[in-house]
Amino acid sequence: MLGYATERLLSVNGLRLIGTAREKVGVLSFVLPGMRPEEVGRLLDLEGIAVRAGHHCAQPSLRRFGLDATVRPSLSIYNTREEVDRLVAALRAIRR
């Protein structure tokens, strides 16, 4: 699921994925250019998509990437490809 979600998120125009280690858990942090992560999180919430947005108690790591905050969907065994596709469709709509 992590590989599928990574590939799909990278298909969103302008999306910058943060943290691309090969051996990582199902957490995908990203930013969209020109948009505050908290606003992206709020817009996704309006679509019924739950993500976290903010600094995630990881300020030193975020500073390393030149950021203050990210959007962070977390995947687990109960998530489906359809849910990832809904997230990507919502992000594309937000970018328009």
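All values below come from the heavy atoms of this structure, side chains included, with hydrogens, waters and symmetry mates left out. Because the structure is predicted, anything quoted here is derived from the model rather than measured. Residue numbers start at 1 and run along the sequence shown.
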Spatial distance of atom CE (M35) from atom CD1 (I94) [nearest 0.5 Å]:
6.0 Å

Could you tell me the separation between the CG atom of L2 and the CD atom of E7, rounded to the nearest 0.5 Å?
11.5 Å

For the CG atom of D68 and the CD atom of E38, what is their distance to the nearest 0.5 Å?
9.0 Å

Does a salt bridge link R36 with E39, judged by any charged N lying under 4.0 Å from a carboxylate O?
no

Search all heavy atoms of V88 against all heavy atoms of S11 and return the closest pair with its distance.
CG1-OG, 4.2 Å

The criterion is side chain to side chain contact (heavy atoms under 4.5 Å, CB included); which residues satisfy it with S74, sequence neighbours excluded?
V27, R72

Nearest 0.5 angstrom please: Y4 OH to T80 OG1, how far?
9.0 Å

Rounded to the nearest 0.5 Å, what's the gap from OG1 on T6 to CG on L28? Could you check?
4.5 Å

On a heavy-atom basis, the closest approach of P37 and V31 is CG-CG1, 4.3 Å

Are the side chains of T70 and F65 in contact, using a 4.5 Å heavy-atom criterion?
no

Residues passing the side chain to side chain contact (heavy atoms under 4.5 Å, CB included) test with I49, sequence neighbours excluded, are L44, E47, V51, R86, L87, A90

Atom CZ of R92 with >12 non-hydrogen neighbours under 6.0 angstrom
yes

Please examine the side chains of V84 and N79, heavy atoms only from C-beta on, and report whether any two atoms are closer than 4.5 Å.
no

Positive for side-chain contact (heavy atoms from CB on, under 4.5 Å) with R42, one of V40, D45, L46
L46

Does R95 reach the main-chain N or O of N13 with its side chain, forming a donor-acceptor pair under 3.5 Å?
yes

ILVMFWY network linking M1 to L10, side-chain heavy atoms under 4.5 angstrom:
yes

Specify the closest pair of heavy atoms between G14 and P33, including all atoms of both residues, with the distance to one decimal.
O-CD, 3.1 Å

The reported gap from CG in L9 to CG in L15 (rounded to nearest 0.5 angstrom) is 5.5 Å

As a quick check of understanding, evaluate side chain to side chain contact (heavy atoms under 4.5 Å, CB included) for L91 and F30, giving each step before the final call.
CA-CA 11 Å; L91 289 169; F30 66 86; 3.8 Å; yes

